[in-house]
Amino acid sequence: MIGASKIARDISERKRLEERLFEANRLKDEFLATLSHELRTPLNAILGWADILEKRPDPALLKRALPVIMRNAQTQSRT
């Protein structure tokens with residue numbers, strides 16, 4: 001009976017480790033998804049306005065675009 005008990009404990013420990021690894025991997029994936037979103041969102045606004053201004057260099061558009069570009073660039077520099 002001692003041998004069977006030892007095997008059962010070894011399997012239990014391994015199961016706990018597998019569960020911890022699975023949870024750590026899930027948390028890593030969640031973190032990377034959040035980080036990716038936080039980096040892409042301000043960058044998309046910057047690139048969008050830059051593209052518009054390149055195609056239509058209009059002073060009125062520049063006046064609207066510049067604060068958005070600055071705010072999003074500052075957001076990027078904080079991440």
Asks: Quick one: closest heavy-atom pair of Gln76 and Glu38, and the distance?
Replies: OE1-O, 3.9 Å

Asks: Return the CD1 to CG distance between Ile69 and Leu47, rounded to the nearest 0.5 Å.
Replies: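 Between Ile69 CD1 and Leu47 CG, I get 9.5 Å after rounding to 0.5 Å.
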
Asks: Does some side-chain heavy atom of Leu39 sit less than 4.5 Å from a side-chain heavy atom of Leu35?
Replies: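 Contact flag for Leu35/Leu39 side chains = yes.
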
Asks: On a heavy-atom basis, which atom in Pro42 and which in Asn72 lie closest, and how many Å separate them?
Replies: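 Heavy atoms of Pro42 and Asn72 come nearest at CA-OD1, 3.2 Å.
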
Asks: Do Trp49 and Leu66 touch side chain to side chain, with heavy atoms closer than 4.5 Å?
Replies: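 With C-beta onward as the side chain, the pair stays apart.
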
Asks: What are the two closest non-hydrogen atoms of Leu53 and Ala65, and how far apart are they?
Replies: CD1-CB, 3.7 Å

Asks: Short question: side chain of Ser77, backbone of Gln74 - any donor-acceptor pair under 3.5 Å?
Replies: yes

Asks: Mind checking whether Val68 and Ile52 sit in one hydrophobic cluster, side chains of I, L, V, M, F, W, Y counted as touching below 4.5 Å?
Replies: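 Result: yes, single cluster for both.
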
Asks: Between Glu23 and Arg26 (salt bridge meaning N to carboxylate O under 4.0 Å), is one present in this structure?
Replies: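 Arg26 and Glu23: salt-bridged.
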
Asks: How long is the straight-line distance from CG of Asn25 back to CD of Glu30, given to the nearest 0.5 Å?
Replies: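 CG of Asn25 is found 12.0 Å from CD of Glu30.
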
Asks: Quick check for you: to the nearest 0.5 Å, what is the distance between Leu27 atom CG and Leu32 atom CG?
Replies: 11.0 Å

Asks: Mind checking what makes salt bridge (Lys or Arg N to Asp or Glu O under 4.0 Å) contact with Asp51, not counting sequence neighbours?
Replies: Lys55

Asks: How many angstroms lie between NZ in Lys28 and CG in Leu21, if you round to the nearest 0.5 Å?
Replies: 11.5 Å

Asks: Is any side-chain N of the basic residue among Glu19 and Arg16 closer than 4.0 Å to the acidic one's carboxylate O?
Replies: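 Not counted as a salt bridge, because no side-chain N and carboxylate O are separated by less than 4.0 Å.
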
